[in-house]
Amino acid sequence: MRIALFTETYLPVINGVVTHVKALKEGLEIHGHKVLIVTADSNVKRHEIENNVMYCPAVKLKKIYNYDISSPLSAERLRLIKKFNPDIIHIHNEFGIGMSGILIAKTLKIPLVYTLHTMYDDYVYYVANKIFCKFVTGATHKYARALASASAAITGPSKKVEDFFHKCGVKKPVNVIPNPVETDSFNPDNFTPETRKEYREKFNFADDEVIFAFCGRLGKEKNISWLLEEWAKYVKPDDKIKLLIIGDGPFYEQHANEIKELGISGSVTLAGKVEHEKLPPYYTACDAYITASLSDTNSISMLEAMAMKLPVLHIRDELNTGQVVDGINGTIFNDGSEMYEKLIKIRDLPAEKRKEFGESARESIIHQANTALAENILGIYESVIKEYALKHVKNRLI
């Protein structure tokens with residue numbers, strides 16, 4: 001099968017969508033399929049294909065995470081896609097490249113699959129102030145309906161995506177397929193106790209301190225300001241509990257100021273941006289993962305932490321129920337007070353029990369390896385292509 005994956009962002013940019021698309025590409029290729037990535041790149045002046053990636057000319061939107069955005073219309077892009085001759089087009093973003101995928105699929109008369117990764121209702125503040133948020137939200141819902149209507153199948157990594165589409169008025173079924181995890185790369189057995197010691201010393205963590213990690217792009221939607229406020233309210237210096245926040249983003253400076261103003265510099269550290277391939281050893285320095293984000297669908301950073309045998313403390317998120325199961329791969333908290341109770345509970349676990357908890361966390365997501373994602377998606381591709389062919393045969397007979 002020949003498959004074109006359209007994504008606004010791709011390597012060397014790192015985010016959840018890129019990690020998902022990279023894993024899907026690699027899994028599809030392992031199964032013997034030919035894959036072409038189509039992505040936006042503000043560094044190129046004309047369309048270029050290198051190592052099965054088509055880089056499309058784009059402009060950079062500094063207000064929206066510095067994303068590169070391409071025009072949806074390009075005769076050259078259409079020509080190159082025709083030459084590749086895909087059996088199916090799969091879009092992973094909704095902007096210029098995503099719209100381009102829709103138009104090209106329609107032009108070439110081939111089926112389209114659409115995966116929604118982002119809960120855009122949580123991101124409208126990037127493009128609109130409070131007065132216009134309701135208008136922008138209505139527009140995004142209308143756009144989501146149009147994208148779903150153009151697609152032969154839609155998928156998402158959690159039931160939160162299904163709920164979003166239902167809110168938008170989409171009746172079409174949503175195929176819920178969990179995000180992938182690079183379980184080979186994110187494996188604590190790859191690292192020695194000396195690595196843990198080295199990275200704990202890097203951040204001046206004492207041997208008897210329990211370290212909780214968060215990793216992600218630092219934006220309002222991650223709810224880190226709330227986490228810091230509650231941390232300051234409950235966690236005391238003599239609790240021997242610390243928080244390591246890994247990542248960069250538009251709220252980095254704000255969070256740095258909040259940490260200083262709240263007086264928690266002694267227990268909260270901002271590690272800054274870490275390249276994805278360099279992330280695993282950072283997790284070796286930590287004992288558990290924590291997140292207060294309600295915007296994630298099936299956080300890849302969280303899954304990677306579980307793969308590194310870190311149990312997860314997660315704020316209650318009804319639409320992501322089942323991703324974190326109490327006592328299996330983590331625990332749930334409802335407010336700051338309960339968060340603190342759970343922090344202490346994990347701190348006080350005997351070393352052997354904490355080890356067992358971590359092993360259970362990894363075991364809970366081992367089935368989400370990269371190849372599993374490709375196998376699930378391939379089933380959708382095959383079904384869609386078959387239905388599309390039957391539909392066009394019927395149309396010709398009519």
Side-chain angles (χ1 to χ4, degrees), residues 12 14-16 18-19 181-218 222 224 227-228 231 235 237-249 251-252 255-256 259-260 264-293 299-314 329-330 342-344 346-363 365-366:
I14 291 296
N15 56 43
V18 172
T19 302
V181 192
E182 295 181 71
T183 50
D184 292 337
S185 299
F186 286 84
N187 185 346
D189 294 341
N190 295 339
F191 304 95
T192 64
E194 285 70 31
T195 304
R196 175 177 168 86
K197 184 174 185 293
E198 175 190 346
Y199 277 79
R200 287 177 74 91
E201 288 177 351
K202 178 183 176 77
F203 298 107
N204 297 314
F205 296 148
D207 291 342
D208 61 347
E209 291 175 334
V210 175
I211 313 303
F212 291 80
F214 170 81
C215 181
R217 195 179 292 273
L218 306 188
K222 298 301 182 183
I224 294 172
L227 178 61
L228 295 176
W231 193 276
V235 178
D238 59 356
D239 282 330
K240 295 189 181 299
I241 293 172
K242 290 189 175 179
L243 172 63
L244 179 65
I245 299 175
I246 305 166
D248 198 359
F251 272 48
Y252 181 91
H255 294 326
I259 290 168
K260 185 177 180 180
I264 52 176
S265 300
S267 65
V268 180
T269 301
L270 290 175
K273 181 179 179 180
V274 176
E275 299 298 331
H276 190 247
E277 66 274 11
K278 296 178 180 178
L279 181 57
Y282 282 78
Y283 282 144
T284 65
C286 304
D287 303 287
Y289 188 87
I290 186 168
T291 178
S293 174
S299 168
I300 289 179
S301 294
M302 178 186 75
L303 297 173
E304 289 170 345
M306 289 181 184
M308 288 295 293
K309 298 186 180 180
L310 301 186
V312 174
L313 273 74
H314 200 309
N329 55 13
K342 301 295 177 73
L343 289 171
I344 295 298
I346 287 183
R347 183 201 65 182
D348 291 345
L349 281 175
E352 190 58 35
K353 289 292 184 182
R354 197 184 300 158
K355 181 181 177 183
E356 290 174 5
F357 204 1
E359 289 171 348
S360 177
R362 178 174 169 84
E363 187 63 28
I365 52 84
I366 205 75

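Heavy-atom basis, side chains included; hydrogens, waters and symmetry copies ignored. What you see is a predicted model; the values in this text were computed from it and never measured.
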Taking C-beta and beyond as the side chain, do [X] and [Y] meet within less than 4.5 Å on heavy atoms?
{"X": "Met306", "Y": "Val181", "result": "no"}
{"X": "Ile344", "Y": "Ile241", "result": "yes"}
{"X": "Cys215", "Y": "Leu279", "result": "yes"}
{"X": "Thr19", "Y": "Glu304", "result": "yes"}
{"X": "Phe191", "Y": "Tyr199", "result": "no"}
{"X": "Leu313", "Y": "Ile346", "result": "yes"}
{"X": "Lys273", "Y": "Tyr252", "result": "no"}
{"X": "Ser301", "Y": "Tyr289", "result": "yes"}

How far does [atom1] of [X] sit from [atom2] of [Y], to the nearest 0.5 angstrom?
{"X": "Tyr282", "Y": "Ile246", "atom1": "OH", "atom2": "CD1", "answer": "7.5 Å"}
{"X": "Met302", "Y": "Thr291", "atom1": "CE", "atom2": "OG1", "answer": "8.0 Å"}
{"X": "Ser267", "Y": "Asp238", "atom1": "OG", "atom2": "CG", "answer": "11.0 Å"}
{"X": "Ile365", "Y": "Leu303", "atom1": "CD1", "atom2": "CG", "answer": "6.5 Å"}
{"X": "Leu243", "Y": "Leu227", "atom1": "CG", "atom2": "CG", "answer": "5.5 Å"}

Exercise for review: Could you go through the side chain to side chain contact (heavy atoms under 4.5 Å, CB included) check for Phe214 and Ile224 one step at a time?
Suggested key: CA-CA 9 Å; Phe214 170 81; Ile224 294 172; 3.6 Å; yes
Practice item. State whether the number of non-hydrogen atoms from other residues, nucleotides or ligands found under 6.0 Å of Glu359 atom CD is greater than 12. Key: yes
Practice item. Please indicate whether Asp207 has more than 12 foreign heavy atoms, meaning atoms of other residues, nucleotides or ligands, lying under 6.0 Å from its CG. Key: no
Measure across [X] and [Y] and return the closest heavy-atom pair with its distance rounded to 0.1 Å.
{"X": "Ala307", "Y": "Pro188", "result": "O-CD, 3.4 Å"}
{"X": "Ser293", "Y": "His314", "result": "O-CE1, 3.5 Å"}
{"X": "Arg196", "Y": "Thr284", "result": "NH1-O, 3.0 Å"}
{"X": "Asn15", "Y": "Val18", "result": "OD1-N, 2.9 Å"}
{"X": "Asn190", "Y": "Asp184", "result": "ND2-O, 2.9 Å"}
{"X": "Lys242", "Y": "Asn204", "result": "NZ-O, 3.8 Å"}

Point to revise | Plane angle bin for Tyr283 and Phe186 - parallel if under 30°, tilted between 30 and 60°, otherwise perpendicular | key: tilted
Check your understanding: Relative to the ring of Phe212, is the ring of Trp231 parallel (under 30°), tilted (30 to 60°) or perpendicular (over 60°)?
Key -> perpendicular
Exercise for review: Decide, yes or no, whether a salt bridge links Asp348 with Arg354 under the criterion of side-chain N to carboxylate O below 4.0 Å.
Suggested key: no
Exercise for review: Report the C-alpha separation of Ile290 and Lys342 in whole Å, then their side-chain angles, then the decisive distance to 0.1 Å, and conclude whether the side chain to side chain contact (heavy atoms under 4.5 Å, CB included) test is met.
Suggested key: CA-CA 10 Å; Ile290 186 168; Lys342 301 295 177 73; over 6 Å; no
Review point. So Glu201 and Lys197, salt bridge (charged side-chain N to carboxylate O under 4.0 Å, His left out) or not? Walk me through it.
Key: CA-CA 6 Å; Glu201 288 177 351; Lys197 184 174 185 293; 2.6 Å; yes
Practice item. Test side chain to side chain contact (heavy atoms under 4.5 Å, CB included) on Leu244 and Val268 and set out the steps. Key: CA-CA 6 Å; Leu244 179 65; Val268 180; over 6 Å; no
Check your understanding: Yes or no on side chain to side chain contact (heavy atoms under 4.5 Å, CB included) for Asp248 and Arg217, after CA distance, side-chain angles and deciding distance?
Key -> CA-CA 5 Å; Asp248 198 359; Arg217 195 179 292 273; over 6 Å; no
Review point. Is there a salt bridge (charged side-chain N to carboxylate O under 4.0 Å, His left out) between Arg200 and Asp287 once you walk through the steps?
Key: CA-CA 11 Å; Arg200 287 177 74 91; Asp287 303 287; 3.5 Å; yes
Check your understanding: Under 3.5 Å, side chain of Ser360 to main-chain N/O of Glu356, donor-acceptor pair present?
Key -> no
